[in-house]
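Taking it in order: structure first as structure tokens, then the write-up.
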Amino acid sequence: MMTIVTHLRIKEGQEPAWDTAFRERVEAAKAQPGFISVQLCIPVDAMNERVIIGTWQSRADWEAWHNADAFRQTREQMEETDTKRRREWWHEVVLEERR
């Protein structure tokens with residue numbers, strides 16, 4: 001399994017539009033081969049920032065998702081509202097515990 005952590009900033013006032021588009025994207029991702037889970041986090045001291053933690057069976061599955069029509073449909077909406085300041089980190093999952 002692979003987890004990608006993405007940190008981004010959204011233009012102030014555009015957070016609701018971005019969040020709505022992200023929710024649409026996640027609904028589509030659930031049907032994508034290799035999708036495992038996603039978390040969307042808002043830092044408590046930066047309400048216009050988002051941290052996305054997505055877990056996929058493989059990086060190839062994630063890359064295929066980024067080429068899917070459903071992903072591209074929300075890309076334009078989301079890119080209009082973010083500030084283009086994005087950082088990503090990949091991690092191989094070696095242990096996962098859930099209650």
Side-chain angles (χ1 to χ4, degrees):
M1 272 190 299
M2 296 295 292
T3 291
I4 182 169
V5 178
T6 305
H7 177 256
L8 59 99
R9 286 193 183 128
I10 302 168
K11 294 175 186 171
E12 289 192 36
Q14 297 297 311
E15 299 90 346
W18 190 95
D19 291 343
T20 297
F22 187 80
R23 283 185 179 90
E24 291 172 15
R25 180 178 281 181
V26 169
E27 283 304 311
K30 289 178 186 178
Q32 188 70 18
F35 174 83
I36 295 175
S37 67
V38 68
Q39 289 183 307
L40 176 62
C41 304
I42 301 173
V44 294
D45 59 347
M47 298 304 289
N48 71 319
E49 296 181 15
R50 298 295 183 271
V51 177
I52 305 163
I53 305 161
T55 302
W56 293 80
Q57 281 295 330
S58 70
R59 190 168 180 167
D61 290 330
W62 177 86
E63 289 170 357
W65 162 237
H66 279 245
N67 291 315
D69 288 338
F71 180 88
R72 287 184 283 179
Q73 288 173 0
T74 57
R75 174 179 279 156
E76 196 171 299
Q77 293 171 291
M78 295 173 77
E79 286 182 349
E80 284 180 19
T81 59
D82 79 35
T83 65
K84 311 293 186 264
R85 296 179 68 185
R86 174 184 306 257
R87 293 175 50 196
E88 296 179 342
W89 300 267
W90 278 97
H91 308 276
E92 185 172 348
V93 178
V94 294
L95 177 67
E96 178 185 33
E97 294 290 332
R98 292 184 188 230
R99 189 170 201 188

Review point. With hydrophobic residues grouped by side-chain heavy-atom distances under 4.5 Å, do I4 and F71 end up in a single group?
Key: yes
Check your understanding: Using the ring of each side chain (for Trp, its six-membered ring), is F22 parallel, tilted or perpendicular to W18, with breaks at 30° and 60°?
Key -> parallel
Review point. Hey, does D61 have a side-chain heavy atom less than 4.5 Å from the side chain of M2?
Key: no
Exercise for review: Would you confirm whether R72, through its side chain, and N67, through its main-chain N or O, come within 3.5 Å as a donor-acceptor pair?
Suggested key: yes
Table please: side-chain donor-acceptor pairs of residues 88-97 below 3.5 Å, with sequence neighbours left out.
{"residue": "E96", "atom": "OE2", "partner": "R98", "partner atom": "NE", "Å": "3.0"}
{"residue": "E96", "atom": "OE2", "partner": "R98", "partner atom": "NH2", "Å": "2.8"}

Check your understanding: How about R50 and E15: do any of their side-chain heavy atoms sit closer than 4.5 Å?
Key -> yes
Exercise for review: Using the rule that two of Ile, Leu, Val, Met, Phe, Trp, Tyr join whenever any of their side-chain heavy atoms come within less than 4.5 Å, decide whether W65 and V26 are in one cluster.
Suggested key: yes
What side-chain donor-acceptor pairs closer than 3.5 Å can you find for residues 27-45, not counting sequence neighbours?
{"residue": "E27", "atom": "OE2", "partner": "K30", "partner atom": "NZ", "Å": "2.9"}

**Study point:** Any donor-acceptor N/O pair, N48 side chain to I10 backbone, under 3.5 Å
**Key:** yes
